[in-house]
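A, B, ... follow the sequence lines: proteins, then strands. Residue 1 opens every chain.
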Protein chains: 2
Amino acid sequence: MDKTTSPKSARRMTEPRQGAQAIRRALAVLRILAAGREDGVPLAEVVRATGLTRPTVHRIVHVLIEEGIVERHDRTGRYAIGNQVPELALARARPSRLLIAANPSLQRASTEIGDTLFLTVRTGNDTLCVDRRIGVYPIQVLSIEVGARRPLGVSSAGVAILAAMPAQDARKIVAANEKRLEAYRTDAATVLGQVTAARRRGYGMREIGLVQGTKSISTWIKTPDGRPAAAMTVSAVRTRLGPRREQEVAEILLREARIIEQAIRS
Amino acid sequence: MDKTTSPKSARRMTEPRQGAQAIRRALAVLRILAAGREDGVPLAEVVRATGLTRPTVHRIVHVLIEEGIVERHDRTGRYAIGNQVPELALARARPSRLLIAANPSLQRASTEIGDTLFLTVRTGNDTLCVDRRIGVYPIQVLSIEVGARRPLGVSSAGVAILAAMPAQDARKIVAANEKRLEAYRTDAATVLGQVTAARRRGYGMREIGLVQGTKSISTWIKTPDGRPAAAMTVSAVRTRLGPRREQEVAEILLREARIIEQAIRS
DNA sequence: GCGTTCTTGTCCATATTATGGACAAGACGA
DNA sequence: TCGTCTTGTCCATAATATGGACAAGAACGC
């Protein structure tokens, strides 16, 4: 069913490992459901996004419901992450090192810039917003919340993260997300174009944000071994981010990104 | 392998549903790992607790590692919940209704009693500590942290929750936990004895707490439909909870439990 | 050193398990 | 009324996950 991984190209040490198709599929379903937040996702959408057949998704989802991992909203029939997931998450009580390291930078940049700041990490083929600071300027882009999850490539943060990794890896991820890009009215070619542009520019950018009339600028944050760990993003109404100010904001973000990179050295 | 559920006794609407053995097993493994918190659990312990064979557990655990759901600590070789679990949990940003409803009661009772207070929920066959308030008295029992997970029955909170459900359900859960009770130096018969005593007394109690020299008192909190939702516990050094004070503390806990029950009506 | 007893990790023939095509039944709109 | 969505179910079949047996490493005693 999935012949993308050729056995010859052993890019990293970790090799396939078989005997757990069902578990992998269940997790793929869970990640799609996570993107739906509290509202959840209709079954058909999960089928589309995962590429699995409907009976399979149906069976997986309902087993997960019995186990308390997934909930079904009676009103809408949509499926969402269940409350047993946060319960399992409590096993890791402490906030991540990144969150701690990024905190002062977010604070500083937010005060300096005045617009909303986001910290976004990569998780699998998705971006996940893990922190947010609201700026002081009276008009703020608040549509993206902590926990927001999107396919890598559709947000400026996603573009930044893709730009920070080897081109081949980025291409693979975008290809894997192809089915899900439609929902965001974009496609693999467009995304890869934006990634190339971001790489050249030194930061990610979206003139037309996911929210109408907004513009976003994102810098990437790399781990000591050179892989992208996160992105720091400023979103504002487009008129507030003209060419001149874009440059200023980008410089602040780049400065803070380097500071965070220093702070997360193990 | 598991013939405990007879097809004839349709106790609730929800019936078995098959075709996902592997997923259920993976979740059983995850729940055991969650009990190990940050330190994790050795593979052999997971094998014991789940009753699965070692090759099966090994395969499941390593697939979950590849998926980022589980981590292996190189130093100790122990397995623990991975960081992708909190990431999935972010999909449910809002704190639970119970946590909100219980907050003022915990605050009030903590001030009044002076010892550490715990809010514990049932999750599957486990208890899970979801909130804690440290009292003002200089000696405090702090060994139990938010996120602590134990088989239902080994803590006074677990006994209280079991006491609040139909005797038959309680027996089933204790039987299911039998293998895991050994690690806490107790057994099914002892636990069921404590449950009966708690039911008679009106609250759960442990003269000899899990921590040496401590004593705990727990009241149960029921949902509107009469099922136990949580337990509220006071833990203190034993000398601080003599018969007289036990009575006083229990009365405060019972009072606050009723208040929380009012607050969580949907 | 060498045996004993833990642990974790791997192999692969096998039967159990998950799979998905086909069908059914609702919900909504025309 | 029909057409087109959706979700849910059945079951013969192929593919998958299973676990017994084996291997290798770590920790301890002597």
Query raised in the report: Below 3.5 Å, does any donor atom in the side chain of B/R54 face an acceptor in the base of D/dG19, or the other way round?
Result: no
[X] [atom1] to [N] [atom2]: how many Å, rounded?
| X | N | atom1 | atom2 | result |
| --- | --- | --- | --- | --- |
| A/E45 | D/dT7 | CD | C1' | 15 Å |
| B/I60 | C/dT10 | CD1 | P | 16 Å |
| A/E66 | D/dG8 | CD | C1' | 14 Å |
| A/I23 | D/dA15 | CD1 | C1' | 16 Å |
| A/R24 | D/dA17 | CZ | C1' | 13 Å |
| A/R75 | D/dT6 | CZ | C1' | 18 Å |
| A/L52 | D/dT7 | CG | P | 15 Å |

As a test of reading the structure: which of [options] is closest to the side chain of [X], going by heavy atoms?
| X | options | result |
| --- | --- | --- |
| A/H62 | D/dT18, D/dG8, C/dT19 | D/dG8 |
| B/A22 | C/dT8, D/dA17, D/dG19 | D/dA17 |
| A/R59 | C/dT19, D/dG19, D/dG8 | C/dT19 |
| B/L43 | C/dT17, D/dT16, C/dT8 | C/dT8 |
| A/P55 | C/dA18, C/dG20, D/dT7 | C/dG20 |

Query raised in the report: When all nucleic acid strands are considered with a 4.0 Å heavy-atom cut-off, which category describes B/R72: base, sugar-phosphate, or nothing?
Result: sugar-phosphate
Query raised in the report: With a non-hydrogen cut-off below 4.0 angstrom, is B/R48 in contact with a base, only sugar-phosphate, or nothing?
Result: sugar-phosphate
Report task. Find the distance between CD1 (B/I161) and CD1 (B/I173) and round it off to the nearest 0.5 Å. Result -> 9.5 Å
Query raised in the report: How many angstroms lie between atom CE of B/M165 and atom CZ of B/R122, to the nearest 0.5 angstrom?
Result: 4.5 Å
Query raised in the report: According to a strict under-4.0 Å criterion, is B/H58 in side-chain N/O contact with OP1 or OP2 of C/dG9?
Result: yes
Query - Any A/Q21 side-chain nitrogen or oxygen under 4.0 Å from OP1 or OP2 of C/dT19 - result: yes
Requested in this report: Check whether any side-chain heavy atom of B/D126 sits under 4.5 Å from a side-chain heavy atom of B/L128, and report yes or no.
Outcome: no
Query raised in the report: Are A/T116 and A/R132 side-chain neighbours, meaning at least one heavy-atom pair lies under 4.5 Å?
Result: yes
Query raised in the report: Toward the 5' end of DNA chain D, which comes first, B/T56 or A/V41, by nearest nucleotide?
Result: A/V41
Query raised in the report: Relative to the 5' end of DNA chain D, which residue comes earlier, A/Y79 or A/A20, by the nucleotide with the nearest heavy atom?
Result: A/Y79
Query raised in the report: Backbone N or O of B/A176 within a donor-acceptor pair of the B/N125 side chain at under 3.5 Å?
Result: no
